[in-house]
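On a predicted model such as this, the values are computed, not experimentally measured, just so you know. Counting starts at 1 for both ligands and their atoms, following the listed order. Reckoned from all heavy atoms, side chains included, excluding hydrogens, waters and symmetry mates.
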Amino acid sequence: MRTVRINRTALTRNALAALSGLLAGFAALTVAELVSAAVRPEAGPVTAVGGAAIDRTPVQVKDWAIRTFGENDKLVLQLGIVVTLALFAVAVGLLALRHRRTGSAAVLVFGAVGTAAAVSRPDSTGVVDGLPSLVGAVAGALLLYVLAGRLTATADAPDAETGWDRRGFLVAATAAAAASTAAGAVGRALNGRSAQDAVASRNAVRLPAPASPAEPIPAGARLRVRGISPFTTPNKDFYRVDTALVIPKVDANGWRLRIHGEGVRRDLEFTYQDLLDRPLIEREITLCCVSNEVGGPYIGHARWIGVRLADLLKEAGVKPPSRGGKADQIIARSVDGMTLGTPVEDVMDGRDAMLALGMNGEPLPFVHGFPVRMLVPGLYGYVSACKWIEEIELTTFDAYDAYWVKRSWAREAPIKTQSRIDTPKPFARPEAGTVMVAGVAWAQHRGIEKVEIRVDDGPWRPAVLAEQDTVDTWRQWSYPWKATPGSHTLTVRATDGTGETQTEKRTKTVPDGASGWHSVVVTVD
Ligand SMILES: Nc1nc2c(c(=O)[nH]1)N[C@H]1C(S)=C(S)[C@@H](COP(=O)(O)O)O[C@H]1N2
Ligand SMILES: [Mo]
């Protein structure tokens, strides 16, 4: 009877110790959230540690995460961080029951990790970025010390039977939970407020009519086939690839773009209004990601409005290397510290490289880079399409490697010719008879000249091509297939505007984009 009783007390104390750890962790995070509202929302520990984790993830793991979780990869990461923290908190709570000081010290050690991560983020504004983690950890450590104290047996404990202060614990724990919840709520609200200015600045934007409008998309560029990707991707469906755990919310009113560096005769600075006031170009451009697998979803098409980038560079006195310019690389930097490297030659060779302000008739959505992003037709996004851009530095490929290049991606990455079967879907069961096979093909800045379809091991047959809009856009195609019962493999390949046919050779996405033919297996009933 007596042993059972002791064990039950011990069990309760351990459970309450674990709870103390969780409460201390919760307090640390919510206090950090509150402090981050005074510093910078992005300086919070979860965002900072998550960002640091993303930057240190090996490409193979990153590739796997994108393949497995798709655009939910960041959610999975955040969940992982929270679960890890919770496990750590429980362990620390149990530790504090045995060694009060060591338990509290462990919380501080964890806080130090958050502090280090926050201070060393590329977009860090300095040591103040460490404050949220630091203050949060101190709050958590103190709380754990107090709670563990209530659980520690003492001779003069109010609860004579157990030897520890059960009532005191409950009071302290409840008060701590309430205070943490309040701190978290206030922090959240304040952090939300700073985003409101950005939202208001975006709502206030009226995009002027472009001085150089896009040619209307020919009616024949859009095929009427069920299941084909629409020619223009609606903004809400446009793929998203970036490293931002929290989407930067930039207030256009405070935004500045700086152009400087090697071979720049005049440093330039522009406000958002400066750019809006310039003659704008409007262009149809298809954007895609180097991480797109054969047949993958990371491609989209939009009509963009912006400023011709070559004009700005010329104003700054920049010459392309082919005309004696010193700099061969543009480093674009974003407000979240991302760097992308683009060949100066490509930007100044006459193509419609731009700083985009508008996407499909509206100011850039926040996820796609509001207020301004870069776009260079023909290059994968990671070497051209800097979102939330705030700085353009002219340099050389010898002198500087951008973010992805440091992570084993290629320095230069023109888009490879690719084609995708949108319909029928893999493992579809169409009925025998005429089945419309259709999809898209792309080779930005070279254009698509031909698309061919192969059924099983049969001969290649030309697909019907939709009209080409421009060489910078993808092209729809369709093929009326006389489907016979049984299992069949459909394969597509495209030929670009230079006459070169898409290679069959399968490569991985790393280092410069996947190649190979897209196939779909269907069973005809
Ligand atoms: N600031 C910033 N810009 C960025 C990135 C990023 O991670 N951060 N990712 C690039 C990559 S890899 C691609 S493919 C495109 C994707 O643009 P989207 O999300 O608007 O489709 O943005 C590019 N610009
Ligand atoms: Mo990308």
Q | Result of checking R493, R446, Q502 against T417 for side-chain hydrogen bond (donor to acceptor under 3.5 Å, both in side chains) | A | R446
Going by the order shown, which atoms of ligand 1 are within less than 4.0 Å of some heavy atom of [X]?
| X | answer |
| --- | --- |
| C289 | 14 (S) |
| S334 | 1 (N) |
| D336 | 1 (N) |

Q: Could you tell me how the ring of Y382 sits relative to the ring of W404: parallel (under 30°), tilted (30 to 60°) or perpendicular (over 60°)?
A: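 Judged by the thresholds at 30° and 60°, the geometry between Y382 and W404 is perpendicular.
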Q. Any heavy atom of M374 sitting closer than 4.0 Å to ligand 1?
A. no
Record the part of [X] in heavy-atom contact with ligand 1 below 4.0 Å; permitted values are side chain, backbone, both and neither.
| X | answer |
| --- | --- |
| F238 | side chain |
| Y380 | neither |
| K387 | both |

Q.
Please check this pair: side chain of K416 against backbone of G513, looking for a donor-acceptor N/O pair closer than 3.5 Å.
A. yes
(Q) Under 4.0 Å between a side-chain nitrogen and a carboxylate oxygen: does that hold for R283 and D472? (A)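 No.
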Q: May I ask you to say whether R40 pairs ionically with D129, meaning some side-chain N is under 4.0 Å from a carboxylate O?
A: yes
Q) For residues R420 and S229, is any side-chain donor paired with an opposing acceptor at under 3.5 Å? A)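 A pair is found: one side chain offers a donor N or O, the other an acceptor, under 3.5 Å apart.
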(Q) My understanding is that only one of M354, M374, M348, K314 makes a side-chain contact (heavy atoms from CB on, under 4.5 Å) with L309; could you say which? (A) M374
Tell me, which protein residue and heavy-atom name are nearest [atom], and how many Å apart are they?
| atom | result |
| --- | --- |
| atom 12 (S) of ligand 1 | Y382 CB, 3.6 Å |
| atom 21 (O) of ligand 1 | Y239 O, 2.7 Å |
| atom 23 (C) of ligand 1 | A385 O, 3.5 Å |
| atom 6 (C) of ligand 1 | D242 CB, 3.4 Å |
| atom 9 (N) of ligand 1 | V241 O, 3.2 Å |

Q | Aromatic ring proximity, centroids under 6.0 angstrom, F370 and W255 | A | no
Q | Minimum non-hydrogen distance to atom 2 (C) of ligand 1, winning option of M338, E390, R373 | A |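 Looking at heavy atoms only, the winner is M338.
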Q) Do any N/O atoms on T243 end up under 3.5 angstrom from N/O atoms on ligand 1? A)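 Among all N and O atoms of T243, at least one is under 3.5 Å from an N or O of ligand 1.
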Q) Is the NZ or CZ atom of R303 positioned over F238's six-membered ring, under 6.0 angstrom from the centre and within 45° of the axis? A)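 No.
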